[in-house]
Each structure stands twice: as C-alpha cells, then as structure tokens.
Amino acid sequence: MLEAISSTAVSAGQAASRATETQAIAPAATAAIQTGDEVGFESVMKQVTTDAIGTLKAGEAASISAMQGKESTRRVVEALMSAEQALQTAVAVRDKVVQAYQEVVRMSI
C-alpha cells in the first residue's frame with residue numbers, strides 16, 4: 001500500500017516530494033509494527049490519517065505563532081511545507097480510493 005501511495009505521487013508529477021512523503025508515511029507503519037498490534041489496512045490508514053491531521057494542525061499552529069511573533073519564518077515555512085505534503089498525500093489516497101470504488105461498481109456480477 002505504501003508503494004501504491006508513493007507511485008501515485010510520482011505519476012502526478014511530484015517526484016521531488018516522493019522521499020518526503022515516504023518519510024511521512026513510514027513512521028505510521030513502523031509505529032504499528034513496533035507496538036505489536038495487528039497491522040492491517042484499517043490500522044495503517046487510521047495511523048496515516050492521524051499523522052496527516054497532526055501535521056496540518058502543526059502547520060496551522062506555527063502560522064498562528066508567527067502572526068503573534070513567537071515563531072521564526074524558517075520554522076513556519078517548514079511546517080507549512082509539511083502540511084502541504086500531508087494534504088497532497090491525503091488527496092492522492094482519496095482519489096485512489098474513489099477510483100477503486102468506481103471500478104468495483106462497474107464490475108458486472
């Protein structure tokens with residue numbers, strides 16, 4: 001599944017962000033394996049979604065801190081870039097899920 005997500009990003013012309021996306025997704029799968037939990041599609045998707053939401057909230061919090069003068073510009077840019085990549089990954093996964101659903105619906109029984 002992780003390879004499918006990565007290949008989706010490449011096909012969309014985002015080869016430059018591929019390594020970063022892999023780094024963003026890999027901790028979710030690694031955490032599930034390290035805790036000894038059963039690693040299934042649902043648990044991996046849940047962890048990836050939770051990580052993406054956390055990244056988006058961190059970007060938002062960095063932006064608010066910057067407006068208050070509490071955060072450096074460099075830190076804000078890094079947080080926003082991470083948030084953007086997490087959002088792009090989520091959109092790519094959503095598109096693949098919708099595409100898979102449409103293929104299942106078109107199947108003749």
(message) Who clusters with Met81? Use side-chain heavy atoms, under 4.5 angstrom, across I, L, V, M, F, W and Y, and order the result by chain and number.
(response) Val77
Ignoring hydrogens and angles, write down the donor-acceptor pairs under 3.5 Å from the side chains of residues 100-109, residues two or more places apart or on other chains.
none

(message) Within this structure, what is the CG-CG distance for the pair Asp51 and Leu56, rounded to the nearest 0.5 Å?
(response) 11.0 Å
(request) For the residue pair Gln99 and Asp95, confirm or rule out a side-chain donor-acceptor distance under 3.5 Å. (result) no
(request) Using side-chain contact (heavy atoms from CB on, under 4.5 Å) as the criterion, list what pairs up with Ala52, not counting sequence neighbours. (result) Ala86
(request) Tell me who clusters with Met67, hydrophobic residues only, linked when side chains sit under 4.5 Å apart either directly or through other members. (result) Ile64
Please list every donor-acceptor pair under 3.5 Å in which a side-chain atom of residues 68-75 meets a protein atom from a residue at least two apart or in another chain.
| from | atom 1 | to | atom 2 | distance (Å) |
| --- | --- | --- | --- | --- |
| Gln68 | OE1 | Lys70 | NZ | 3.4 |
| Ser72 | OG | Arg75 | N | 3.2 |
| Arg74 | NE | Glu78 | OE2 | 3.4 |
| Arg74 | NH2 | Glu78 | OE2 | 3.3 |

(request) Report whether Val39 and Val48 are members of the same hydrophobic cluster (ILVMFWY, side-chain heavy atoms less than 4.5 Å apart, transitive linking). (result) yes
(request) Tell me, please, which residues at least two apart from Glu84 pass salt bridge (charged side-chain N to carboxylate O under 4.0 Å, His left out). (result) none
(request) Name all pairs fulfilling the salt bridge (charged side-chain N to carboxylate O under 4.0 Å, His left out) condition that reach into residues 55-66, sequence neighbours left out, sorted by first residue then second. (result) none
(message) Restricting to salt bridge (charged side-chain N to carboxylate O under 4.0 Å, His left out), what partner residues turn up for Arg94, sequence neighbours left out?
(response) none
(message) Show the nearest heavy-atom pair for residues Ser63 and Leu80, with the distance to one decimal.
(response) OG-CD2, 3.4 Å
(request) Indicate the atoms forming the closest heavy-atom contact of Ala58 with Ala79, along with that distance. (result) O-CB, 4.3 Å
